[in-house]
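Quick notes on the structure that follows.
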Amino acid sequence: MSASKETVRKIILDLDTGIDDTLALSYVLGSPDAELIGITGTYGNVVLDQGVDNDLRLLAMYGREDIPVFKGIDHPSTANSFSVPPDSEIFHGANGTGNIEIPARTDRRASQQSSVDFIIDAVRRYPKGELAVVPTGALTTIAAALEKAPDIADRISIVMMGGTLTQPGNVGPFAEANINQDPEAANRVFATTADITMVGLDVTTQALMSREDTETLRATGTKAGRFLADMTDYYIDISEKESGVYLGGCNLHDPLAAAVAIDPSLVTTFATNLMVETEGPQRARTIGDPSRLLDPVKNTKVALSVDTERFTRRFMDRLLTLVRKTESER
């Protein structure tokens, strides 16, 4: 379902709120064709509690404390605990926002309802195609919701940031970071009949936010604009330092997935049935499932190309609109 001017797509963001998750949240809040009905927290770039705290403070910064936040599962499905990988802390900072303080505080807490139950209830409530669930971290919570309520598989639309089909992984030769957090959960999600769009490294590495963009945000003179600029400059700096090359900016992984959930026409896709390798040297690799090769129904659409210019222009327009509107309403 492509969002037109008359269509407002309802969105659930399932975030492990690091830097690009923050940008994805900002994009959705700045989108006139999207309604964020809730945020579900997960682990990954930060531990669950840090991510949820970031979500609550970001919503307070934007004056959107009407949007509920829910806690998800705080560790992989095959483990009893979780600690932040060193690379995640390097790229996102100890607090998830590049060690830049979110310029807002709040006494609000996460809802008592679990993320799993919130997702199940929301998918059952809205007509098929009206709601998109957008996981930008591990798929642990999404897998748990599908296992608890198998009936939602034929109703849910998932637009996920994760995986890679045509490019190397970013945490190994084959593994993309989000899939690598819980390959078993991701494999279970792909094995369902859920309608899945995979927005992975194939396309997210083609979309950049530059220092010129961060200067434009900073020039608004708003608290939110300065915060986003300082946070993203950290991301750009560490991306260039760790890669050893001048990239011209930082990848917009999570914002692109959020944008595709609202407007699928931003990407072209390849329909297939995927699986995730869960053992051996190719663990966490996303690849076609040979057992379903001849299945006429393909439940996953893999984004393989992106209209980068249209997306990045829209991305900046919506962030600028959001930070200016936030400041004017204070």
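For clarity, every value in this text was computed on a predicted model and none was experimentally measured. Any value given below was found using the heavy atoms of this structure, including those in side chains, with hydrogens, waters and symmetry copies removed.
Other residues, nucleotides and ligands contribute only 12 or fewer heavy atoms inside 6.0 Å of the CZ atom of R109. Annotation for D66: atom CG counts as buried by contact number, over 12 foreign heavy atoms lying within 6.0 Å.
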Verify side chain to side chain contact (heavy atoms under 4.5 Å, CB included) between L252 and D20, making sure each step is shown before the conclusion.
CA-CA 6 Å; L252 293 172; D20 54 337; over 6 Å; no
Salt bridge (Lys or Arg N to Asp or Glu O under 4.0 Å) between R313 and E309: does it pass, once the steps are laid out?
CA-CA 6 Å; R313 182 175 63 248; E309 182 179 352; 3.7 Å; yes
Carefully, step by step, assess F190 and T286 under the rule side chain to side chain contact (heavy atoms under 4.5 Å, CB included).
CA-CA 10 Å; F190 283 128; T286 48; 4.1 Å; yes
When you look at R125 and E130, which way does the salt bridge (Lys or Arg N to Asp or Glu O under 4.0 Å) test go after all the steps?
CA-CA 10 Å; R125 182 181 314 126; E130 190 172 327; over 6 Å; no
Worked verdict on D16 versus T42 for side-chain hydrogen bond (donor to acceptor under 3.5 Å, both in side chains)
CA-CA 5 Å; D16 59 330; T42 189; over 6 Å; no
Would S210 and D213 count as a side-chain hydrogen bond (donor to acceptor under 3.5 Å, both in side chains) if you check the C-alpha gap in whole Å, the side-chain angles of each, and the deciding distance to 0.1 Å?
CA-CA 5 Å; S210 68; D213 294 330; 3.3 Å; yes
Could you walk me through whether R155 and D195 pass salt bridge (Lys or Arg N to Asp or Glu O under 4.0 Å), step by step?
CA-CA 8 Å; R155 297 175 59 88; D195 175 19; over 6 Å; no
Show your working on side chain to side chain contact (heavy atoms under 4.5 Å, CB included) between K71 and D49 and close with a plain yes or no.
CA-CA 8 Å; K71 285 189 177 183; D49 286 343; 2.9 Å; yes
Apply side chain to side chain contact (heavy atoms under 4.5 Å, CB included) to the pair I102 and N54, showing each step before the final yes or no.
CA-CA 8 Å; I102 300 170; N54 289 348; 3.9 Å; yes
Go through it in stages, so that I can follow the logic: the residues are Q113 and D121, the test is side-chain hydrogen bond (donor to acceptor under 3.5 Å, both in side chains), and I'd like the CA-CA distance, side-chain angles, deciding distance and then a yes or no.
CA-CA 11 Å; Q113 187 181 28; D121 290 348; 2.8 Å; yes
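Two residues are said to be in side-chain contact when any heavy atoms from C-beta on lie closer than 4.5 Å; T300 and T197 fail this criterion. Annotation: side chain of L274 is in contact with side chain of T272 (closest heavy-atom distance under 4.5 Å). No side-chain heavy atom of N178 sits less than 4.5 Å from a side-chain heavy atom of L139. By the 4.5 Å heavy-atom criterion applied to side chains, L304 and V302 are counted as neighbours. Here the side chains of N45 and T17 are not in contact, with every heavy-atom distance at 4.5 Å or above. Counting only heavy atoms from C-beta outward, the side chains of L29 and R64 approach each other to under 4.5 Å. Counting heavy atoms from C-beta outward, T204 and N251 have side chains that stay 4.5 Å or more apart. Residues F118 and S111 fail the side-chain proximity criterion, which asks for heavy atoms closer than 4.5 Å.
One finds the CZ atom of F91 at 10.5 Å from the NZ atom of K241 (value rounded to the nearest 0.5 Å). For the atom pair F70 CZ and T40 OG1, the distance stands at 8.5 Å (nearest 0.5 Å). Note that the CG atom of L228 and the OG1 atom of T22 stand 8.0 Å from one another [nearest 0.5 Å]. Here the CE-CG distance, from M231 to N95, works out to 10.0 Å after rounding to the nearest 0.5 Å.
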Scan the side chains in residues 156-175 for donor-acceptor partners under 3.5 Å anywhere in the protein, sequence neighbours excluded, and list what turns up.
from: T164; atom 1: OG1; to: Q167; atom 2: N; distance (Å): 3.3
from: T164; atom 1: OG1; to: Q167; atom 2: O; distance (Å): 2.9
from: T166; atom 1: OG1; to: D202; atom 2: OD1; distance (Å): 2.6
from: N170; atom 1: OD1; to: A177; atom 2: N; distance (Å): 2.9

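The cluster map of Ile, Leu, Val, Met, Phe, Trp and Tyr, joined by side-chain heavy atoms under 4.5 Å apart, puts V46 and L25 in different clusters.
Residues in residues 178-187 take part in these salt bridge (Lys or Arg N to Asp or Glu O under 4.0 Å) pairs, two or more places apart or across chains: E184-R283. Sorted by first then second residue, the ring-ring contact (aromatic ring centres under 6.0 Å, His included) pairs that include residues 194-240, not counting sequence neighbours, are H92-Y235.
Nearest approach of A261 to V134, heavy atoms of both residues: CB-CG2, 3.6 Å. Shortest non-hydrogen contact noted between G72 and S115 is N-OG, 3.1 Å. Taking every heavy atom of both residues into account, M275 and P290 meet most closely at SD-CD, 3.7 Å.
With sequence neighbours left out, R318 forms a salt bridge (Lys or Arg N to Asp or Glu O under 4.0 Å) with D33. Annotation: salt bridge (Lys or Arg N to Asp or Glu O under 4.0 Å) contacts of D87 (sequence neighbours excluded): none. R124 is linked by a side chain to side chain contact (heavy atoms under 4.5 Å, CB included) to I120, A149, D151, I152, counting only residues two or more places apart in sequence or in another chain.
Between the side chain of S26 and the backbone N or O of L322, no donor-acceptor pair lies under 3.5 Å. Looking only at distances, no side-chain donor or acceptor of D53 sits under 3.5 Å from a matching main-chain atom of Q50. Using a distance-only test at 3.5 Å, with no hydrogens or angles considered, a donor-acceptor pair links the side chain of T192 to the main chain of A194. Judged by distance alone, the side chain of K325 and the main-chain N or O of Y62 form no donor-acceptor pair under 3.5 Å. Formation of a donor-acceptor pair under 3.5 Å by the N273 side chain with backbone atoms of L293 is not found in this model. Between the side chain of Q282 and the backbone N or O of R285 there is no donor-acceptor pair closer than 3.5 Å. At distances below 3.5 Å, at least one donor-acceptor pair connects side-chain atoms of T220 with backbone N or O atoms of L217. Although no hydrogens or angles enter the test, the distance criterion places a donor-acceptor pair under 3.5 Å between the side chain of N187 and the main chain of V276.
Note on D154 versus K128: no salt bridge recorded, every NZ/NE/NH1/NH2 to OD/OE distance being 4.0 Å or above. Taking a cutoff of 4.0 Å between a charged side-chain nitrogen and a carboxylate oxygen, D237 and R211 qualify as a salt bridge. D117 and K148 are joined by a salt bridge, as a carboxylate oxygen and a charged side-chain nitrogen come within less than 4.0 angstrom of each other. A salt bridge is defined here as a Lys NZ or Arg NE, NH1 or NH2 lying under 4.0 Å from an Asp or Glu carboxylate O, and R9 with D263 fails to meet this definition. Taking a cutoff of 4.0 Å between a charged side-chain nitrogen and a carboxylate oxygen, R218 and E215 qualify as a salt bridge. Between D289 and R292 there is a salt bridge, with a side-chain nitrogen of the basic residue lying less than 4.0 Å from a carboxylate oxygen of the acidic one. With respect to the salt-bridge test (charged N to carboxylate O, under 4.0 angstrom), the residues R188 and E147 qualify. Between E101 and R57, at least one side-chain N (NZ, or NE/NH1/NH2) sits under 4.0 Å from a carboxylate O, which counts as a salt bridge. R310 and D307 are joined by a salt bridge, as a carboxylate oxygen and a charged side-chain nitrogen come within less than 4.0 angstrom of each other.
Using cut-offs of 30° and 60° on the angle between ring planes, the pair Y43 and F82 is tilted.
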